[in-house]
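Remarks on the structure that follows.
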Amino acid sequence: MSGERRNQILQALASILEQPLLAKTTTAYLAEKLNLSEAALYRHFASKAQMFEGLIEFIEETLFTRMNRIIEEQPQPLNQIESILTLLLAFAEKNPGMTRVLIGDALVHENDRLQVRVNQVHDRIEATLRQAIRLRFTELNQLTTPQPSIHANTLMCIIIGRWHQFAKTGFKRRPLEGWDEQWRQLNRIL
């Protein structure tokens, strides 16, 4: 039951983060939504920061498990890149509350180490993209083109920008909106 209750708390926190106008998430508000006392929340998590860490762990596990599967199942680097980018946008669209965590919006009034954790997630995503781009350039014998790190950073900036648009429009401007056409344009530089 304890693991189930922890998951319920994390799901409720993610659901609360889907409220675009909510400035700060409090444990009192979270407890109220779950019909629990704040003390009951703290029996499962030592702090609110630990609750956010649980969400970040969920994001990491979900994204990196799927990215690793993409890399294993798709031998073509360009297809890997497209699938990873589409995954990142689809995950955000399906999980608006998690998007606020990914852009750091939900972490503004929280422990600084949480933003460090999210930055590490971004760095790992960028490293995965960099590796696929490196393979793409090798495949094309384009070793004199700009460094794969420059391309990976550009793609990461696009993804983060789309996540920001989604969150800042109150989840109205979907991350996948117009993505097919944008990918065709990006595909030209890869």
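Owing to the predicted nature of the structure, the values given are computational and were not obtained by experimental measurement.
- Under the 4.5 Å side-chain criterion, counting only non-hydrogen atoms from C-beta, R117 is not in contact with V121.
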Please walk me through it: do M67 and I125 pass side-chain contact (heavy atoms from CB on, under 4.5 Å)?
CA-CA 9 Å; M67 286 191 300; I125 293 169; 4.0 Å; yes

Please evaluate residues L41 and L34 with respect to the criterion side-chain contact (heavy atoms from CB on, under 4.5 Å), reporting the C-alpha separation (whole Å), side-chain torsions for both, the decisive distance (0.1 Å), and the verdict.
CA-CA 9 Å; L41 290 178; L34 288 163; 4.0 Å; yes

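- For the residue pair A152 and I133, the shortest heavy atom distance occurs at N-CD1, 3.5 Å.
- Annotation for V116: hydrophobic cluster partners, listed by chain and number, are none (ILVMFWY side-chain heavy atoms under 4.5 Å, direct or chained).
- Hydrophobic cluster membership is shared by I56 and I16, with clusters built from Ile, Leu, Val, Met, Phe, Trp and Tyr side chains linked at under 4.5 angstrom.
- Remark: the backbone N or O of R173 is not paired with any side-chain donor or acceptor of E177 at under 3.5 angstrom.
- Heavy atoms of other residues, nucleotides or ligands lying less than 6.0 angstrom from CD of E181 number more than 12.
- Using modelled atom types and a 3.5 Å distance limit, the side chains of E72 and N68 yield no donor-acceptor pair.
- Each of N119, D112, N111 was compared with Q115 under the side chain to side chain donor-acceptor pair (under 3.5 Å) criterion, and only N119 meets it.
- Separating the CD atom in E126 from the CD1 atom in I160 is a distance of 8.0 Å, to the nearest 0.5 Å.
- Atom NE2 of residue H109 and atom NZ of residue K48 lie 9.0 Å apart, to the nearest 0.5 angstrom.
- Of all non-hydrogen atoms in H44 and A40, the two that sit nearest each other are CD2-O, 3.1 Å.
- Closest heavy-atom contact between Q80 and I71: NE2-O, 3.5 Å.
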Between F91 and T99, is the side-chain contact (heavy atoms from CB on, under 4.5 Å) condition met? List the steps.
CA-CA 8 Å; F91 178 84; T99 304; 5.9 Å; no

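- Between H151 and F137, the ring-plane angle classifies as perpendicular under the 30° and 60° cut-offs.
- Checking side-chain atoms of H122 against main-chain N and O of L102 turns up a donor-acceptor pair under 3.5 Å.
- Cluster annotation: F166 and M156 are assigned to distinct hydrophobic clusters (Ile/Leu/Val/Met/Phe/Trp/Tyr, side-chain heavy-atom contacts under 4.5 Å, transitive).
- When all heavy atoms of L10 and L55 are compared, the pair lying nearest together is O-CD2, 3.5 Å.
- Once rounded to the nearest 0.5 Å, the distance linking CZ of R43 with CZ of R6 reads 14.0 Å.
- Of all heavy-atom pairs spanning Q74 and S83, the tightest one is NE2-OG, 3.0 Å.
- Counting heavy atoms from C-beta on, the side chains of W179 and L85 come closer than 4.5 Å.
- Follow the hydrophobic side-chain contacts under 4.5 Å out from F171 and you never reach W163; the two are in separate clusters.
- Looking at T62 and M98, their side chains never come closer than 4.5 Å, going by heavy atoms from C-beta outward.
- Listed by chain and number, the residues in a salt bridge (Lys or Arg N to Asp or Glu O under 4.0 Å) with E82 amount to none (sequence neighbours excluded).
- Hydrophobic cluster membership differs between V108 and L17, with clusters built from Ile, Leu, Val, Met, Phe, Trp and Tyr side chains linked at under 4.5 angstrom.
- For the pair S15 (side chain) and Q11 (backbone), a donor-acceptor distance under 3.5 Å is absent.
- Side-chain contact between W183 and I158: absent, with no pair of heavy atoms (C-beta onward) separated by less than 4.5 Å.
- The minimum heavy-atom distance between T27 and Y42, with the atom names listed, is CG2-OH, 3.1 Å.
- I150 and L135 fall into different hydrophobic clusters, where Ile, Leu, Val, Met, Phe, Trp and Tyr side chains are chained together by heavy-atom contacts under 4.5 Å.
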Using the rule given for side chain to side chain donor-acceptor pair (under 3.5 Å), can you reason through R162 versus Q165, listing the C-alpha separation, both sets of side-chain angles and the distance that settles it, and then say yes or no?
CA-CA 5 Å; R162 286 180 149 273; Q165 282 181 330; 5.3 Å; no

Should L155 and L190 be marked as a side-chain contact (heavy atoms from CB on, under 4.5 Å) after you check the CA-CA gap, both sets of side-chain angles, and the distance that decides it?
CA-CA 11 Å; L155 294 176; L190 297 170; 4.2 Å; yes

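- The distance from atom NZ of K168 to atom CZ of R100, rounded to the nearest 0.5 Å, is 7.5 Å.
- Distance check: I84 CD1 to N79 CG gives 11.0 Å after rounding to the nearest 0.5 Å.
- The pair E139-R136 meets the salt-bridge criterion, since a charged nitrogen lies less than 4.0 angstrom from a carboxylate oxygen.
- For the atom pair L129 CG and I81 CD1, the distance stands at 7.0 Å (nearest 0.5 Å).
- Looking at L63 and R124, their side chains never come closer than 4.5 Å, going by heavy atoms from C-beta outward.
- Between F58 and N7, every side-chain heavy-atom pair lies at or beyond the 4.5 Å cut-off.
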